[in-house]
Amino acid sequence: MSLTAMFVLCRFVHFASLMQIFGLSVFCSLLAPQGFSAVLLRKNQSLMMWSGILAAVTSVGMLAIQAALMGNGWGDGLNLNVWLLVLTTSFGDVWRWHLLLTAALLLVMLMDWLPGRNVIIFLCALGLLMSQALIGHAAMHDGALGLLHRANHVVHLLSAAYWFGCLYPLLTCMLYTRQPATRPYAIATLIRFSVWGHAAVALVILTGILNTAIILQHWPVDMTSLYQRLLVIKVVLVGIMCGIAIFNRYRLVPLMGKQPELAQRRFIMMTWLEWGLALLVLLAVSWFATLAPG
């Protein structure tokens, strides 16, 4: 596997892990009622921990691959002198803090006795996602346009992280609607998710359009450009995800009052499909983020 392909894969896993942590912390800690929050957190604890481990490993992995790309190949990926050189670049200026915040996130995850632990995890995930707006295409402009681009990209990342990251805990929350003791709390959580989900989807679309306008200055119509082909694929996949989300909310949710078992079974199936499409979107983004926009 080439270094570039390895970087794309590493970036994909890193993005998915951070977004999953963000979504879990929002869904379980902020959307769920207080007593039910602890139930959801216990149910999703393994996923949270594994996501944290993957985020930590891939954050170091991306630094190592950058060192290999800057140096003379795979051998320099483990050369600490080249690592230090990478950390003096514009990428390194951001990544030093990114590594420290990732280490703090992993440490806090291990300290289950820490007061306010879930809020700290949320803040760490928030900071790690926001730091992604300081590198790559989002950092290609200076001045007022650069500030607008970075701010817009932050909103795009956070709204996308809410959408993707909440899908798995949404599925676990659905299970508790079948239990009389937890049903009212699960339904309240799902309603809150839906309200904020509408805003998140709208922001993903609007900020995505603005990102494209800033980077390309036109619609992606040059199909000889791999960047623009991948961008079109992303747009199509997001469009399908929007269709699934609308179908779930306005077709299957009302059906739950009439045919609860059938509606819930279809809802779970469609949400898993939406989750899979979201992973494909993240893979496409991780790929075209390494390409020239032209």
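Applying the side-chain hydrogen bond (donor to acceptor under 3.5 Å, both in side chains) rule to pairs touching residues 53-65 yields H14-T58, sequence neighbours excluded. For residues 191-206, the side-chain hydrogen bond (donor to acceptor under 3.5 Å, both in side chains) pairs, not counting sequence neighbours, are S194-R249, H198-Y250. Screening residues 22-32 for side-chain hydrogen bond (donor to acceptor under 3.5 Å, both in side chains), with sequence neighbours left out, gives no hits. Within the structure, side-chain hydrogen bond (donor to acceptor under 3.5 Å, both in side chains) pairs that include any residue of residues 167-176 comprise N44-T172 (at least two apart or interchain).
Side-chain contact between F15 and S286 is present, with heavy atoms from C-beta onward closer than 4.5 Å. In this structure, the side chains of N211 and H149 come closer than 4.5 Å at one or more pairs of heavy atoms. Contact check for W50 versus I53: side-chain heavy atoms found under the 4.5 Å cut-off. Counting heavy atoms from C-beta outward, L231 and L216 have side chains that approach closer than 4.5 Å. Contact annotation: the side chain of I233 never approaches that of W287 to less than 4.5 Å [non-hydrogen atoms, C-beta and beyond]. Counting only heavy atoms from C-beta outward, the side chains of V285 and R11 never approach each other to under 4.5 Å. Looking at heavy atoms from C-beta onward, M270 lies out of side-chain contact with R251 at the 4.5 angstrom threshold. With a 4.5 Å cut-off on side-chain heavy atoms, C173 and F36 count as touching.
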* Start with the C-alpha gap between F247 and F267, add the side-chain angles, then the distance that decides, and say whether ring pair (Phe, Tyr, Trp, His ring centres under 6.0 Å) holds. => CA-CA 9 Å; F247 178 77; F267 187 97; 9.5 Å; no
* Using the side chain to side chain donor-acceptor pair (under 3.5 Å) rule, take Q66 and T89 through it: C-alpha gap first, then chi angles, then the decisive distance, then the call. => CA-CA 11 Å; Q66 282 286 356; T89 64; over 6 Å; no
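The aromatic rings of H98 and W95 lie parallel to each other, with less than 30° between the two planes, well short of the 60° mark.
When every heavy atom of S131 is checked against every heavy atom of V94, the shortest pair comes out as O-CG1, 3.6 Å. Shortest non-hydrogen contact noted between T189 and P33 is OG1-CD, 3.1 Å.
With rounding to the nearest 0.5 Å, the separation of CG in L157 from CG in L129 is 6.0 Å. The line from CE of M62 to CG of L99 is 10.0 Å long, rounded to the nearest 0.5 Å. Rounding to the nearest 0.5 Å gives a distance of 14.0 Å between CG of L273 and CD1 of I268. Separating the CG atom in N248 from the CZ atom in R266 is a distance of 11.5 Å, to the nearest 0.5 Å. Distance check, rounded to the nearest 0.5 Å: CG of L128 to CG of L123 gives 11.0 Å. For the atom pair CD of E274 and CG of L170, the computed distance is 8.5 Å after rounding to the nearest 0.5 Å.
In summary, of the residues considered (Y162, F27, F122, F164), a ring-ring contact (aromatic ring centres under 6.0 Å, His included) with F22 occurs for F122 alone.
By the criterion of side-chain heavy atoms lying less than 4.5 angstrom apart, applied directly or through intervening Ile, Leu, Val, Met, Phe, Trp or Tyr residues, L100 is not grouped with M111; the two fall into different hydrophobic clusters.
For the side-chain contact (heavy atoms from CB on, under 4.5 Å) test, no residue two or more places apart in sequence or in another chain qualifies with M269. R96 is linked by a side chain to side chain donor-acceptor pair (under 3.5 Å) to D93, counting only residues two or more places apart in sequence or in another chain.
Judged by distance alone, the side chain of T177 and the main-chain N or O of R183 form no donor-acceptor pair under 3.5 Å. Counting only distance, with no hydrogens or angles, the side chain of R117 and the backbone of M109 share a donor-acceptor pair below 3.5 Å.
Taking a 6.0 Å sphere around CZ of F7, one finds it holds more than 12 heavy atoms contributed by other residues, nucleotides or ligands.
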